[in-house]
Amino acid sequence: GWQGQGPRPLPPVWAELAPFSPDPAVMRTNRIVTFERRDPVHSTFDMMRTKALRMMRDKGWTTLGITSPTAACGKTTVSLNLAFSLAHQPDMRTLLMDLDLRRPAVAKHVGLTTPQSMASVLQGNRSLSEQFVRVGDNLAIGTSARGIRSASEILQHAATGRVLADLKAQFQPDVLIYDLPPMLVSDDVMAFLPHLDCVLLVAAAERSRLDEIDKCEQELAEQTNVLGVILNKCRFPGEDYGYY
């Protein structure tokens, strides 16, 4: 790792990205607690970050997918909290991509109104620097404005693999987080697993059934490395996130 050596010079593409400063009020409303770090819950994500980083560094992994069994489990909130937690480390370069192409939510969560299309980028029709915004010096976020129907075809297309390889070469991220679609809604996630080093599964205490969580975890484990399961405990204030 690079800790203790100070920030490395950024690759040229970072300077081409439009800077973006999220509105703290929007971030608070959408529970991105690691942005300002006022809410004590942020420490849960910092611990998750440390745990995930240690495992990823030990194995030489850089790409992390975040998915859930069904919709509304909070995977986008977890993706963003993890990304901002990582961004607090000046020696880390973090990339977050919204690949929930059917129902993208990252832009809305951070209050980004510029229309962007991740599908266009994956198809090679739009440059990487146009597609991402930079928050601070070391976090880049790529979003989609609207959902599309042909998500599986795009995620399975050979061009997508080439674009992702190019992305890693240009940005040289330490961690690349993909906010993926829910697993039980479509075959998008299974189609995308070859591009991932590891996965986090986000389940909601009141919404996800245990058999769904088990099924998803098993399917993921057959194809990739499962870093852990995060349980969103919606009912108890101050105990929103459990990690096991």
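Each residue takes its place number in the sequence, starting with 1.
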Could you walk me through whether Met56 and Asp197 pass the side chain to side chain contact (heavy atoms under 4.5 Å, CB included) check? CA-CA 9 Å; Met56 289 177 75; Asp197 293 323; 5.7 Å; no
Does a sphere of radius 6.0 Å around [atom1] in [X] hold more than 12 heavy atoms from other residues, nucleotides or ligands, not counting ones at 6.0 Å or beyond?
| X | atom1 | value |
| --- | --- | --- |
| Lys168 | NZ | yes |
| Arg146 | CZ | no |
| His157 | NE2 | no |

[Y] and [X], any side-chain heavy atoms less than 4.5 Å apart:
| X | Y | value |
| --- | --- | --- |
| Val133 | Gln116 | yes |
| Lys59 | Asn225 | no |
| Pro11 | Arg93 | yes |
| Pro173 | Thr62 | no |

Spatial distance of atom [atom1] ([X]) from atom [atom2] ([Y]) [nearest 0.5 Å]:
| X | Y | atom1 | atom2 | answer |
| --- | --- | --- | --- | --- |
| Ile177 | Leu82 | CD1 | CG | 4.5 Å |
| Ile66 | Cys73 | CD1 | SG | 13.0 Å |
| Ser127 | Glu16 | OG | CD | 7.5 Å |
| Ile141 | Arg134 | CD1 | CZ | 12.0 Å |
| Ile230 | Phe45 | CD1 | CZ | 7.0 Å |
| Thr63 | Leu176 | OG1 | CG | 6.5 Å |

Treat each ILVMFWY residue as a node, draw an edge where side-chain heavy atoms are under 4.5 Å apart, and state whether [X] and [Y] are in one component.
| X | Y | answer |
| --- | --- | --- |
| Leu101 | Leu128 | yes |
| Leu231 | Leu184 | no |
| Val185 | Leu201 | no |
| Leu64 | Trp61 | yes |
| Leu193 | Met183 | yes |

Indicate the ring-plane relationship of Trp14 and Phe171, choosing parallel, tilted or perpendicular according to the 30° and 60° boundaries. perpendicular
Let me see the working for Met97 and Phe132 under side chain to side chain contact (heavy atoms under 4.5 Å, CB included), right down to the final yes or no. CA-CA 9 Å; Met97 280 177 81; Phe132 285 80; 3.5 Å; yes
Determine, stepwise, if the pair Glu219 / Met190 fulfils side chain to side chain contact (heavy atoms under 4.5 Å, CB included). CA-CA 8 Å; Glu219 282 184 14; Met190 297 313 279; 4.0 Å; yes
Under the 3.5 angstrom rule, does the side chain of [X] hit a backbone N or O of [Y] as a donor-acceptor pair?
| X | Y | value |
| --- | --- | --- |
| Thr67 | Pro181 | yes |
| Arg37 | His42 | no |
| Asn81 | Arg31 | yes |
| Asn138 | Asp91 | no |

Which heavy atom in Asp187 sits nearest to a heavy atom in Gln156, and how many Å separate them? OD2-NE2, 4.0 Å
Between Thr94, Thr50, Asp46, which is the residue that forms a side-chain hydrogen bond (donor to acceptor under 3.5 Å, both in side chains) with Ser85? Asp46
Are Asp188 and Arg102 within salt-bridge range, i.e. N to O under 4.0 Å? yes
With a 3.5 Å cut-off and no angle check, do the side chains of Thr76 and Asp179 form a donor-acceptor pair? yes
Would you sort out whether Leu155 and Leu122 count as a side chain to side chain contact (heavy atoms under 4.5 Å, CB included), showing the intermediate values? CA-CA 8 Å; Leu155 291 178; Leu122 295 177; 4.1 Å; yes
Suppose we screen for salt bridge (charged side-chain N to carboxylate O under 4.0 Å, His left out). Which residues come up paired with Arg54, at least two apart in sequence or across chains? none
Checking side chain to side chain contact (heavy atoms under 4.5 Å, CB included) against Leu86, which of Thr34, Leu139, Leu53 comes through? Leu53
